[in-house]
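Working notes, beginning with the structure itself.
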Protein chains: 2
Amino acid sequence: MIYSINATHDPALESWVESANAPECEFPIQNLPFGIFQRVGSPEAPRGGVAIGSQVLDVGAVARDELMEGRAWGPALACSSSELNTLMSMGPDAWSPLRARLSHLLSTRASAEDRQKLKNHLAPMSEIEMLLPARIGDYSDFYASLHHATNVGKMLRPDQPLLPNYKFVPIGYHGRSSSVVLSGTPIRRPRGQSRPDPDRPPKFGPTQSLDFELEVGFFVGSGNRMGEPIGIDKAEEHLFGICLLNDWSARDLQAWEYQPLGPFLAKSFGTTISPWIVTLEALEPFRAPAFARPAEDPAPLPYLNSPQQMAHGAFDVSLEVLLSSRAMREANVAPVELCRSNLRDLYWTPGQLLAHHASNGCNLRPGDLLGSGTVSGPATESRGSLLERTWRGTQPITLPTGESRRFLEDGDEVIFRGYCGRSGFARIGLGECRGIVESAPAP
Amino acid sequence: MIYSINATHDPALESWVESANAPECEFPIQNLPFGIFQRVGSPEAPRGGVAIGSQVLDVGAVARDELMEGRAWGPALACSSSELNTLMSMGPDAWSPLRARLSHLLSTRASAEDRQKLKNHLAPMSEIEMLLPARIGDYSDFYASLHHATNVGKMLRPDQPLLPNYKFVPIGYHGRSSSVVLSGTPIRRPRGQSRPDPDRPPKFGPTQSLDFELEVGFFVGSGNRMGEPIGIDKAEEHLFGICLLNDWSARDLQAWEYQPLGPFLAKSFGTTISPWIVTLEALEPFRAPAFARPAEDPAPLPYLNSPQQMAHGAFDVSLEVLLSSRAMREANVAPVELCRSNLRDLYWTPGQLLAHHASNGCNLRPGDLLGSGTVSGPATESRGSLLERTWRGTQPITLPTGESRRFLEDGDEVIFRGYCGRSGFARIGLGECRGIVESAPAP
């Protein structure tokens, strides 16, 4: 299913919340991403909200104030929870009317009376804190960038960078859900086993090659029953929305532990996501064709192939990584850009990833999180990890302070940003995903 | 920490619940495993119980009936929940007094008055159904049997069966928690990609090599904060108890998908566990030394090494696998034994697996599940999977009906059993873990 590009995307639509109308605003009325927030210092429980300009709207309170109607009422009330799982479980037939109603209420078309009521349910972002948007049952991480897989493969297997399965199987692995944390949470440098010298025994200590991976997270909306796959034509109906995701990685631990069962402790010490979930409907104007497979590449197997996915299944989302060292912050130097890439460049579409995941009957649940894998593009500056950016540390990056980076140092802050821009449409921002590296715990 | 072998293990202790005193009983008063049950046809919510003979005791109801005292009262009340996570989170200082009090109340030493009250809170197992014992946040699966790793390695890499990391790293991977189901739940044959002929393209269809893996599951009790590892000397305090676990596997899917990130859809279609969690305290008399490492093997690195673990960290638990085909059931032929092995034979102890898992600061949560990996022993008949038992299908097994098995067929029922037996101690049973293979969904 493709949503139509409807009135909620009209670039002429303005909000009576003035801050939403600034040209560079991340959260204009065309966006309306969902998250879980709590007023700082308030005894109120966390609840679901949508971002509008520099404000957050308490969606459940809007429903209880009799401002919702028809099909929008139920999903709005579901936002009263401290997790978005219930809203996610309701599917596009619930999400779409809620979005349409919120769009109307927050627009300059809303009546003066409605605006007055709504103002009671708005809070400035400066007065709230964000929490994890959902109870994440399972987190799975893919490897969907051909450029990333090829880069990593070149370092590990120069004679055969890309394994024979890559262009047939959307490669993925199970990740750790307990350590998925919200943007702003410090990440402690992990200790672990590594064997830098194969002629000596392995050692245990703080990782010497801590890295980020620039990814996008996809939240599962409605799930499927165990044993019942999801067809490729229905896959997108099960996707609620997207966020930024940093799949922190310890390369030395990974290199030593990953054979034969894949990454484990090299990843499970922390994964950071951005707080606002941008719905698939908000992304509708930014659809793009699937990766242009060279003629010699195989077509996707039928369970992953559909004309809709190949024509419109990708999304044009600009992504960037910035780094700020402790010394840079102390010297008031702005964060430096390390990478700029685009979600469109994935070899597999989000719909294909989801259909593959459920193809064996694995049950996906509302609030499950799928990671795209590192989003690297073809250019050097579009490589989405330090491993690739510094080519395994052989090409260090020099920071404005004169510091050098092969991998992350304690005190480094990694910042991801993402947005959709297209002529004739409002800019849709994903917000930020941040994390500062803390030193390893004492032995 | 090692629990002492206390009065709850006294083999002379008998229960006034007569069925618990039969010599072959799985659930004598020395066992008292925990699970979640519901009376069939009752509107009551599921709740925690302990098995005693052929009966189940409603532990929360016992507390509300004023039969608990001191430190036993809180943990008993925590069993009123429909998940054991709260009880698990309380740690051994809560589990031990609860077990001691239950042991007293169910013993022939209990007063007539107490017995009369308790009878109101007992239900025959024939009148209840069991549910998943906990909300499993994350499920991680290890690969802790050297024999299993060597057998599989011999098939895949005859020149180098065991990878260089095996004797240093307790190899594990993240599993799928959504598809962990209770004993008795049918398992649908998964479809997926495989490439039996490397000169032809891969194909998508029902797996042709469906297998079981004989494992033991370890439930995490109290957890740890993210960034704060658990020392090897404290690891066992974080283990609540054990169950049987069938890590169903699709070998053809696994062979094609697993490079470079490990097993994914070859495993995530289903994992079955037995309903009763036998506590570590009940297993205390069955402790055993860790695997006898040959002199040429490295000692565990310090973060995995402790005198206690090496001397007593393993558990002597007998395990067996039985198979019953549809034709066997129709002909009233008893299930046939496929494998008999012992948890003691793992290269790593449960405490080492848990300490390794948390060594990078990964936060474990109450109710998380760790799988041991296939428990294979040194003998042919102790190989814990069909892959090993039939040596990749080259040595098929003949069933009593004359049927032949390389891998599992539709209608096959796989049954795991486990128990601890030691002269001078009561037999401690793990119960059963069953699952019938259903045919794949229509394309």
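Per chain, numbering begins at 1; letters A, B, ... match sequence-line order.
Ranking A:Ser177, A:Ser359, A:Pro201 against chain B, the residue ahead of the rest is A:Ser177, based on heavy-atom pairs under 4.5 Å. Residue with the most contacts toward chain B among A:Pro186, A:Ala149, A:Gly172: A:Gly172 (heavy-atom pairs, distance under 4.5 Å). Considering only heavy-atom pairs separated by less than 4.5 Å from chain A, the leading option among B:Pro441, B:Gly361, B:Gly192, B:Ala266 is B:Pro441. Between chain B and the options A:Gly231, A:Gly223, A:Gly153, A:Gly262, heavy-atom pairs under 4.5 Å are most frequent for A:Gly262. Counting heavy-atom pairs closer than 4.5 Å to chain A, the top-ranked of the candidates B:Pro202, B:Ala250, B:Gly137, B:Ala358 is B:Pro202. Comparing B:Pro206, B:Pro190, B:Gly227 by heavy-atom pairs within less than 4.5 Å of chain A, the highest count is held by B:Gly227. Counting heavy-atom pairs closer than 4.5 Å to chain A, the top residue among B:Lys203, B:Glu228, B:His356 is B:His356.
With a 4.5 Å cut-off on non-hydrogen atoms, A:Leu163 touches chain B through its side chain but not through its backbone. At a 4.5 Å heavy-atom cutoff, the contact between B:Pro263 and chain A is made by backbone and side-chain atoms alike. A:Arg135 does not touch chain B: none of its heavy atoms, backbone or side chain, sits under 4.5 Å away. Using a 4.5 Å cut-off between heavy atoms, A:Leu364 touches chain B through backbone and side chain atoms alike. Interface remark: A:Pro302 contributes no atoms to any contact with chain B (heavy atom separation under 4.5 Å). At a 4.5 Å heavy-atom cutoff, the contact between B:Val181 and chain A is made by side-chain atoms alone. In this structure, chain B has a heavy atom under 4.5 Å from the side chain of A:Tyr303, while its backbone stays farther away. Both the backbone and the side chain of B:Leu265 have a heavy atom closer than 4.5 Å to some heavy atom of chain A. With a 4.5 Å cut-off on non-hydrogen atoms, A:Ser140 touches chain B through its side chain but not through its backbone.
No side-chain donor-acceptor contact under 3.5 Å links B:Arg365 and A:Ser179. Of the N and O atoms on the side chains of B:Asp368 and A:Ser178, not one donor lies less than 3.5 Å from an acceptor on the other residue.
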Could you go through the side chain to side chain contact (heavy atoms under 4.5 Å, CB included) check for B:Ser268 and A:His174 one step at a time?
CA-CA 9 Å; B:Ser268 63; A:His174 306 293; 3.5 Å; yes
Show your reasoning for whether side chain to side chain contact (heavy atoms under 4.5 Å, CB included) applies to B:Met226 and A:Phe269.
CA-CA 7 Å; B:Met226 189 171 147; A:Phe269 59 92; over 6 Å; no
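Relative orientation of the A:Phe142 and B:Phe264 rings is perpendicular, given thresholds of 30° and 60° on the angle between their planes.
What you find for A:Trp256 and B:Pro164 is that their closest heavy atoms are CH2-O, 3.5 Å. A:Phe204 and B:Leu301 make their closest contact through CB-CD1, 4.3 Å (heavy atoms, listed as atom of the first residue, atom of the second, distance).
When each of A:Asn360, A:Leu304, A:Asn165 is tested with B:Gln193 by the rule side chain to side chain contact (heavy atoms under 4.5 Å, CB included), just one qualifies, namely A:Leu304.
A donor-acceptor pair under 3.5 Å links the side-chain atoms of A:Arg176 to the main chain of B:Asn363, judged by distance alone.
Inter-residue side-chain proximity for A:Pro260 and B:Ile171 is flagged as met; some heavy-atom pair is nearer than 4.5 Å.
To the nearest 0.5 Å, the span separating CZ on B:Arg225 from CZ on A:Arg188 amounts to 10.0 Å.
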